[in-house]
Structure formats: C-alpha cells, structure tokens
2 protein chains.
Amino acid sequence: MAATIKDIAKKAGVSMSTVSLVLNRKGYVASETKQRILSIMQQMDYKPLRSARKLATQKTGNIGYILWEGHFSEVEMFYSQVFLGMEYAARKNDHYILLTTVKEEFDPKENLPRFLRYNDVDGVALAGRVPHALIEYLDNQQLPFVLIDYELPGKNYNCVKIDNYNGAFRAVENLINAGRKQIAFVGGTFIHPSIKDRYRGYKEALEKYNLIHNDYLKKNSYCEDVETSRAIGEKGATKLLKKNPAIDAVFCCNDTTAMGVISGIQKSGKRIPQDIAVIGFDDIPPAKFNSPKLSTIQVPKLDIGKEAYKLLCEIMNNPSRAPQTRTISVDLIVRESSY
Amino acid sequence: MAATIKDIAKKAGVSMSTVSLVLNRKGYVASETKQRILSIMQQMDYKPLRSARKLATQKTGNIGYILWEGHFSEVEMFYSQVFLGMEYAARKNDHYILLTTVKEEFDPKENLPRFLRYNDVDGVALAGRVPHALIEYLDNQQLPFVLIDYELPGKNYNCVKIDNYNGAFRAVENLINAGRKQIAFVGGTFIHPSIKDRYRGYKEALEKYNLIHNDYLKKNSYCEDVETSRAIGEKGATKLLKKNPAIDAVFCCNDTTAMGVISGIQKSGKRIPQDIAVIGFDDIPPAKFNSPKLSTIQVPKLDIGKEAYKLLCEIMNNPSRAPQTRTISVDLIVRESSY
DNA sequence: AAAATATATTAAAACGTTTCGATAAATCAA
DNA sequence: TTGATTTATCGAAACGTTTTAATATATTTT
C-alpha cells in the first residue's frame, strides 16, 4: 500500500532516523543525502501518517473552534467568516480545526464538546458570547485558549477583539461632520462587552463635539436587554422617532439592528439618508444588498480569524506567558444610508 | 499523567487485551470482569488516546466537508446548516468533521485540501456546486464520498438531494389554487441541477392545470446564466413586469432571488401579496425577517446533513455498494408574501 | 599534534492502542 | 464419557512515527 518511512529509508539506503530528520528539518544531514531522500519521497509519493506522528509527538495537531449555537444558526455569517480566516491560516501548518457549537445552558459535566472530553485538541478558540462555565473549565484544565471578540469583565484572558470603541467613535464623528445634530443609538444587551464599547464610542464622540445637553442621551438611545435582532431595530426606530421626531441620524450597535432600524424609519415616511442617516457595524454580507445599501463599520473577519490562530499558536508554544489582548482595527464604509 | 490502557489493566489485574475488548465491546469477557474494568476506567478517568487508536486500526476517524468557497462567503447559511446537521450526527460516533473550502478554479495538483493531500479522512461530503475535477479525483482515489444537493448529469454517484421537483410543483400548485393565472419564474444558471428541477416542477404544475398557452413560458420566465443573487431577482422582476404587466405571482428559484424579486415588485408600486404573490425556495433565515415575510419551500437542512452522514458511513463500511440517491422531502410554508 | 567541537548517521526504545493466535476452562451435543 | 463448541483471558506482534544516546568522521581551536 502506501509508502512508509521504512520504505523510503530502505530505498535511500539510510536509516529511518535520517529520513525522519529530513522530514522534520532537524539535526544534521548531509545535503547530498537530504536531496536523495527528498526525491525518493517525491517519487514514492510518501505521506507521513498523521496518527503515528501524533502518537510519537504526543500532540493532537487539532484546534477546537467553539461557537455559541445561536451565532451559528442565525443570520450572522460573522463567526463563520472568522472561522474561515482561521482555517486559511491553519492550512499552512499541521493543524486541523474542529468546529462545534455549544448551547447557552451549558454544563461541563453534561455537554462538553467531544474533542474536549477526549483531550483531542491542543488549543481552543472561543467565538463570541460563549458560556462562562466553559471558559472557566478550560482555564482550570490549563488548556490554551483564545477568546474572539469577547472579554470577561473581571478576568484577564488571551483575546482577539475588534476596535469597537474607535469604530463607533469614528462613525459618530462622521455623522457629526456631515452636520447631523440629533444622533440616536439603537442597541441590544450590554452583556456583550462589544456593544458596551460601541456605546461608549458613541457617547464620547458626542461629548467631544459638545452635543450632549440635558436629557440628550435619554431621548436618543434605545436598548433592549436581549440578543440583537432586526426586530428590536425596527421597534427601537419607531419608539425613538415618537419620543424625538428631530432625530436626524442613527448609529446602530450592529448591521442586523441597523437593517431593522431602516425598516422602521421607512415606515415612518422619512427618507434615508436625506432626513435620517443610518450607520451600522460589522459589515455582514446582507448589508450591501439592503435597500438602501447600508453604511457601516467594516470589520476584517478573516483577519480576526488569522490573528486568533497566530495568538493561539504562540500560547500553545509558551503556555505560561501572560495573557494579552490584540485589537483589530476597523474602517468606516459609506454606502447609501449615510453620506 | 493521563491514565493509559496499561494502568487500567494493572489496576484491574487483567491484560491490556481484555481492557481493549471491553473498550470496543468485542469478543468475550465475563460480565463481572467487564464491570470491574468499566468502573476502574471511570474512576481513573481513562480516555483512550485517539492517535494510538487510529494508528492501530488504520483509520483516520475524520470526515471531510468540502464547500465551494462562494457558498460559504455569501449570504447563504444553507450549507453551514447542513454542516451543523452532520456535526450533530457525528457527535454520537467517533468522527470529527474537517470543514474546508475550495475555489471554483480548482486543480487537484495545486490546491487539494490538505486532509486529502495527506490522506487524513476516511470519507468526504461535498456540499453544493463543487468543482468536477475534485469529484473525479475522489472517484479515482476510490475515497468514499457523498454529494449534497448536487448531481452530475451523466454520472451516478452517492447523493443526498432535496426534492426540488415536488417542492416547486407544490408551490406553483398552491398559487394556482389561490386563483393566480400569470405565474412567473425567476431563476439563475441551470448548471446547478436543483434549479433545473425546480423549473421543471414549475412547468409541469402549469401543464397539469392547462395554463400554458402560446408564449406563456417565454413571457413569464426570466433566467440569467449566473449564480443566483438578490440583484438578478430585482432585475428579473422589473423586466418581467414590463414584458407582462398581468403577472400575478412569481415562483423564484430560491429565497435570495425571491427577496430581490420582492424589492423589484415593491419599486413598481404593486402590492404583495394582493397584486402579486411571491414564493421562494430554501427557507434561509433572512426569509422570515424580510418585509413582507417570505412564503417559501422549507428544506430541512439539519436533516440533510444527518442523512448525508448516515449515507457516508454506510459507504465507508461497504465501499463496493452501488451508488444511491436519497431524496429529502420539503414543505411549503406560507408567510406574508402569498396566501 | 592533541583536544575540542561540529557534522553525519544509526540502532533501539518509546508512544498507546488493536488484533491474532494460543491456551484453558466451562458448557454443550452425541 | 468423549469430543466439539463456546466462553474467557492473555502474550506478543503490529501500526508508523519521533527521539535519545551512541558512534564515527571531519573540521576547528589550542
């Protein structure tokens, strides 16, 4: 059947050890022998057997990618794209990525992903709002892990995050520079730290330009303590316009919400962007198919995945290093819902 | 460190073979011994090491899931959901699923997924419109594979498909029963056999009710030879309404297209569903957030994944069996864009 | 010229399983 | 009772790598 390292060794007239050395670019081997071995490998179409390799090295060669089930089932392609970024990066190395989902109600004793139950990964990426019990479990197990776009208030974990604050700040600043005065915010639950940061960016941009007087924020912001959705965007827009008909711009905590906000505004009869400008956050694919096309903060999802992979590899190589946070910067894209 | 089979054997006072037998539910082992071994395993938290196991059994325990990159990057959550269905099913067994994407321009010599290059999977699921060269490669390699929602005209491969014909037929029949007379079709490239079948279902439903006269089909159908998108839906609707203002229903080849068609109709000033009813196909998540909510043919994506997994397992166990096609049935869901 | 170091190669052990064939006791069929 | 079959257990080989320590030669340093 398939050629083994033994076959290669025999044909090259060397020992298995030597073949292994050239395979792993280790130790000393005469360049003439090396060439001979390499060409024989090529010729015999030799592929080292992963399980044998892994058995000998005591590594799994796998990385887990755990996603909250809600993120995967919903409209959001966000975390799928991040996954793809990781997959691209991992292609260059010897890593396979095992993707699975967990439910919100999570108990490490009951529904632990099987690759964790069987110790089949060297490290894990946790995408989005993942159960705290899971994070603690990994921390206790001393298994290297990276949080993606999620931070725990008290704790200090390795993390790759979006520059939510500056993205929001820039979006609102852009609206202000375009002459908007009554700029609203529509968001979901603040449990997710990103949304909190986006709100902070919104607020501080307004502060910088001295726009906040009296009950400005109360009049102009709408947040419901639930997962964001198109529906709460629509509801939020309707309610805000009733409270303050002078609103001339809305900054939304994400695109899904923004698309709802746009529906709400359209129903009210106001025009976008002439009467009211709308800016979202994330740049999910539907954003550019919306009508009007959504202005938004573009976040480079593939890059996030790539960076998460790099960080994870570093942690796996040096597990005792102090945790660090890496921030991925974002850009404003102006389409049709603002100018 | 972690307990091995040797530790268990020693503690239980038996040989490694015996432990292995109970681990694999094979051969004969006294129920008393078995219980003892099992409880020791429990107690020592024994987890058989995958790489050792795989080395001994000469299997990889992995399944590949290959997706055309376009399907993954676009709005479509369809194949991600199918993946999730497979993942659910695989959780019960010893299989990991390795997800990767391939580009349309594909050359087995250049950009073969790494788990194929290194023979790291026991079987493969191919989702959607995947390069023919890849399919042929797998066929030549004699590697078990299943096509998901895709068939090759001449060839006869293992396949799990949606009942596209009957779904379309039922949608159109429903429109006819609701009194619609001028029923249009909007679609994309017929390269994808599903779309062809959906068109056939549309046509034969019209035939059954004797609605096709003269240039009915020519007047009422719009297809562009490109991948489907919201844009071609919108364009199609606009053009069709110009050609035949009497159109009172549109059956679309999928939801993405349907959402475009709805935009197009809305711009023309006609009302949905009073003036024109619209039905899509797939029931992708955005369908129910659209305005109006989209009536569509719901396809059980998780079930497709599950069935694909089951079929693939059967093939892997019995590679010489004649290829078979399994058809997953679908249901009409009436929301707001028809009645 | 001797000692130290760098280069090149290898044999054998180790990694943790499964499985084959052997052995022996217990049960069954005649 | 004898012979055949079923039940129960085990030792050892096999799976295909990596790695350690040993050996030998070549090169550099003193």
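Letters A, B, ... mirror the listed sequences (proteins, then strands); counts begin at 1.
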Between [X] and [N], is there a contact of a side-chain N or O with OP1 or OP2 at under 4.0 Å?
X        : N       : answer
Tyr46(A) : dT17(D) : yes
Ser20(A) : dT18(D) : yes
Ser17(A) : dT10(C) : no
Tyr28(B) : dA8(D)  : no

In whole angstrom, give the distance that lies between atom [atom1] of [X] and atom [atom2] of [N].
X        : N       : atom1 : atom2 : value
Leu21(B) : dC10(D) : CG    : C1'   : 10 Å
Met16(B) : dT18(C) : CE    : P     : 9 Å
Leu23(A) : dG16(D) : CG    : P     : 15 Å
Arg25(B) : dT7(D)  : CZ    : P     : 19 Å
Lys6(A)  : dT18(D) : NZ    : C1'   : 15 Å
Ile8(B)  : dT18(C) : CD1   : P     : 12 Å
Lys10(B) : dG16(C) : NZ    : C1'   : 14 Å
Asp94(B) : dT17(C) : CG    : C1'   : 13 Å

**OP:** Find which nucleotide of DNA chain D each of Ala2(A) and Lys26(A) is nearest to by heavy atoms, and output the residue with the more 5' nucleotide.
**Re:** Ala2(A)
Do [X] and [Y] have a side chain donor and acceptor closer than 3.5 Å?
X         : Y         : answer
Thr60(A)  : Asp122(A) : yes
Thr18(A)  : Ser15(A)  : yes
Arg53(A)  : Asn24(A)  : yes
Arg50(B)  : Ser51(A)  : no
Thr101(A) : Glu87(B)  : no

Please list, one pair per line, the donor and acceptor atoms closer than 3.5 Å that link side chains of residues 104-111 of chain B to other protein atoms, with sequence neighbours excluded.
residue	atom	partner	partner atom	Å
Glu104(B)	OE2	Arg129(B)	NH1	3.0
Asp107(B)	OD1	Lys109(B)	N	2.9
Asn111(B)	OD1	Asp107(B)	N	3.0

Subject >> Thr18(A), nearest nucleotide to its side chain (from dC10(D), dT17(D), dT10(C)) >> reply: dT10(C)
**OP:** With sequence neighbours left out, write down each residue that passes side-chain contact (heavy atoms from CB on, under 4.5 Å) with Ala52(B), or none if nothing qualifies.
**Re:** Leu55(A), Leu49(B)
List in chain and number order the residues that pass ring-ring contact (aromatic ring centres under 6.0 Å, His included) with [X], two or more places apart in sequence or in another chain; answer none if no residue qualifies.
X         : value
Tyr150(A) : His192(A)
Phe145(B) : Tyr157(B)
Phe83(A)  : Tyr65(A)

Original post:
Reckon Thr4(A) touches a base, only the sugar-phosphate, or nothing at all at heavy-atom distances under 4.0 Å?
Top reply: sugar-phosphate
Original post:
Using rotation axes that map the C1' atoms of four end pairs onto the next four (five pairs an end), what angle separates the end axes of the helix from dA1(C)-dT30(D) to dA30(C)-dT1(D), to 10°?
Top reply: 30°
With 3.5 Å as the limit, what N/O pairs link the protein to nucleotides 24-27 of chain D?
none

Subject >> Contact list for DNA chain D against residues 30-40 of chain A - heavy-atom distance below 4.0 Å >> reply: none
Original post:
Listed in order of residue number, which residues of residues 52-61 of chain B have a non-hydrogen atom at under 4.0 Å from DNA chain D?
Top reply: Leu55(B), Ala56(B), Gln58(B)
**OP:** Test salt bridge (charged side-chain N to carboxylate O under 4.0 Å, His left out) on Arg117(A) and Asp45(B) and set out the steps.
**Re:** CA-CA 10 Å; Arg117(A) 195 163 49 239; Asp45(B) 192 29; over 6 Å; no
Atom pairs and distances, side-chain donor-acceptor, residues 311-322 of chain B, under 3.5 Å, sequence neighbours left out:
residue	atom	partner	partner atom	Å
Glu314(B)	OE1	Arg321(B)	NH1	3.1
Glu314(B)	OE1	Arg326(B)	NH2	2.8
Glu314(B)	OE2	Arg326(B)	NH2	3.4
Asn317(B)	ND2	Cys313(B)	O	3.2
Asn318(B)	OD1	Ser320(B)	OG	3.3

Original post:
When you check the gap from the basic side-chain N to the acidic O, do Lys301(B) and Asp303(B) get nearer than 4.0 Å?
Top reply: no
Original post:
Residues in salt bridge (charged side-chain N to carboxylate O under 4.0 Å, His left out) with Asp139(B), at least two apart?
Top reply: none
Subject >> Sequence neighbours excluded, every pair satisfying ring pair (Phe, Tyr, Trp, His ring centres under 6.0 Å) that has a member inside residues 303-324 of chain A >> reply: His95(A)-Tyr309(A)
